[in-house]
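In what follows, a structure is listed as structure tokens, so that the remarks can point back to it.
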Number of protein chains: 2
Amino acid sequence: MRLSTTSEYAIRSLVYMASCGPELCSVKHLSEKLDIPYKYLGRLMATLGNAGLISSTRGKNGGYTIDKPLSTIRLLDIVQIVDGLDNFDRCLLGFPECNDDDPCPMHDFWKEHNEGITEMITNVSLAEILASKSKKF
Amino acid sequence: MRLSTTSEYAIRSLVYMASCGPELCSVKHLSEKLDIPYKYLGRLMATLGNAGLISSTRGKNGGYTIDKPLSTIRLLDIVQIVDGLDNFDRCLLGFPECNDDDPCPMHDFWKEHNEGITEMITNVSLAEILASKSKKF
DNA sequence: TACATATTCCACCCTGAGGTAGGAATTATG
DNA sequence: CATAATTCCTACCTCAGGGTGGAATATGTA
Ligand code: SF4
Ligand code: SF4
């Protein structure tokens with residue numbers, strides 16, 4: 001019951017960048033600040049860049065900056081780019097086709113949590129996260 | 001946001017066995033009925049046997065049967081045997097040490113779901129699942 | 001030019017999922 | 001009893017994918 005390491009990295013990086021405002025964040029800076037392997041984060045940022053979430057500037061004092069309004073970047077979008085959505089809205093026991101009328105024995109115990117998480121991932125954007133004013137970073 | 005394939009297999013098999021009562025279930029039968037790779041399930045059942053959840057009978061008409069009272073086999077126990085518990089009660093962003101007083105920016109959005117799932121896994125046993133009277137199997 | 005940064009390519013290790021090949025125990029049956 | 005059939009069990013092997021690092025390249029600034 002966790003996101004992939006890569007999704008964790010992506011969300012942490014984007015939340016941090018969002019909290020920095022419009023300034024450029026270099027991969028080196030992010031890597032040290034967030035304790036994420038430099039090389040791996042470099043590729044991850046390139047992926048996010050290709051997906052259009054962030055844009056890059058090369059050369060000295062270069063780095064990445066967030067391209068789109070924070071409210072338009074949902075957690076779902078980030079996870080989708082990085083990992084795909086196969087692991088969301090999934091039956092807990094892996095049954096292929098089922099619904100409320102023909103439930104598996106776990107349905108009553110799993111449905112509410114599954115729907116809650118899916119809704120959270122779908123509705124929460126970087127804007128909401130930033131508004132929570134955590135002291136972390 | 002899913003269990004591992006192996007945990008899914010284990011839970012499906014145990015729920016099915018529980019629904020069969022005290023009869024012996026062979027790996028071959030379980031494999032065909034639940035559409036789980038035969039050899040893989042064989043090893044998985046042996047693991048569950050070594051952990052004391054089920055006991056085996058070899059030879060013709062042999063198979064496995066559940067050893068303990070259904071109410072003492074919680075989902076948590078099954079997952080623990082198969083996968084360990086590293087992925088439960090985990091910070092969504094993978095921060096190492098944090099609490100309600102020094103939360104990460106995701107805390108307000110993640111905490112309730114995490115606690116809900118952890119509580120469900122901890123409290124629901126095979127007895128409760130069987131009582132739900134699903135028509136599946 | 002010298003340096004900093006993104007970007008790309010490749011090789012590696014680990015783990016989860018699954019397969020192959022047998023061996024050991026028990027029972028059905030001639 | 002003897003043999004075959006069935007079943008659990010164990011030890012290896014394969015394969016794909018996630019995560020990681022090294023090295024080289026492209027692109028910009030001072
Ligand atoms: S019946 Fe419900 S809980 Fe069970 S596999 Fe289907 S959607 Fe998931
Ligand atoms: S602050 Fe809360 S949500 Fe964030 S990493 Fe810690 S426990 Fe998880």
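Excluded from the calculations below are hydrogen atoms, water molecules and symmetry mates; all remaining heavy atoms, backbone and side chain alike, are included. All values reported here derive from a predicted model rather than from experimental measurement. In what follows, every chain begins at residue 1, and chains take the letters A, B, ... in the order their sequences are listed.
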> What residue pairs, at least two apart or across chains, pass salt bridge (Lys or Arg N to Asp or Glu O under 4.0 Å) with a residue in residues 55-75 of chain B?
Replying inline: Arg74(B)-Asp77(B)
> Starting at CE of Met17(B) and ending at C1' of dC8(D), how long is that distance when rounded to a whole Å?
Replying inline: 13 Å
>> Rounding to an integer number of Å, can you tell me how far Lys39(B) NZ sits from dC8(D) P?
In response: 10 Å
> Roughly, in whole Å, what's the span from NE2 in His29(A) to P in dT5(C)?
Replying inline: 11 Å
> Under the salt bridge (charged side-chain N to carboxylate O under 4.0 Å, His left out) test, which residues partner Lys39(A), sequence neighbours left out?
Replying inline: none
>> Using whole Å, what does the distance between atom P of nucleotide dG18(D) and atom CD of Glu8(A) come to?
In response: 15 Å
> Mapping Arg2(B) and Asn61(A) to their closest nucleotides on DNA chain C, which lands nearer the 5' end?
Replying inline: Asn61(A)
>> Taking any heavy-atom pair under 4.0 Å as a contact, classify Gly49(B): base, sugar-phosphate, or nothing.
In response: nothing
>> Can you build the contact string for nucleotides 11-16 of chain C? Use B for base contact, S for sugar-phosphate-only contact, and - for no protein heavy atom under 4.0 Å.
In response: ------
>> Closest approach to the side chain of Lys60(B), judged atom by atom: which nucleotide of dA24(D), dT20(C), dA5(D) is it?
In response: dA5(D)
> To the side chain of Arg58(B), which of dA28(C), dG28(D), dT26(C) is closest?
Replying inline: dT26(C)
>> For His29(B) together with Tyr38(B), are the ring centres under 6.0 Å from each other?
In response: no
> Between dC8(D), dA6(C), dG18(C), which nucleotide has the shortest distance from any of its atoms to the side chain of Pro37(B)?
Replying inline: dG18(C)
>> Starting the side chain at C-beta, find the nucleotide from dG18(C), dT8(C), dA30(D) nearest to Ala46(A).
In response: dT8(C)
>> Between Gly59(A) and Tyr9(A), which residue's closest nucleotide on DNA chain D lies nearer the 5′ terminus?
In response: Tyr9(A)
> Separation of Leu48(B) atom CG from dC8(D) atom C1', in whole Å?
Replying inline: 14 Å
>> Would you say Tyr38(B) places a side-chain N or O within less than 4.0 Å of OP1 or OP2 belonging to dT20(C)?
In response: no
> When the distance from CG of Leu44(B) to P of dC8(D) is rounded to whole Å, what number comes out?
Replying inline: 13 Å
>> Please classify the nucleic acid contact of Gly42(B) as base, sugar-phosphate, or nothing, using heavy-atom distances under 4.0 Å.
In response: nothing
>> Is there a salt bridge (Lys or Arg N to Asp or Glu O under 4.0 Å) between Lys28(B) and Glu32(B)? Walk through the geometry before answering.
In response: CA-CA 6 Å; Lys28(B) 179 173 163 57; Glu32(B) 290 170 353; 3.0 Å; yes
> Would a 4.5 Å heavy-atom cut-off, applied to side chains only, mark Met1(B) and Ile117(B) as touching?
Replying inline: no
> About how many Å separate CG of Leu75(A) and CG of Leu126(A), when rounded to the nearest 0.5 Å?
Replying inline: 7.0 Å
> To the nearest Å, how far apart are Leu30(A) CG and dT5(C) P?
Replying inline: 12 Å
> Is the number of heavy atoms from other residues, nucleotides or ligands under 6.0 Å of Asp35(B) CG greater than 12?
Replying inline: no
> Separation of Arg12(A) atom CZ from dG19(D) atom P, in whole Å?
Replying inline: 13 Å
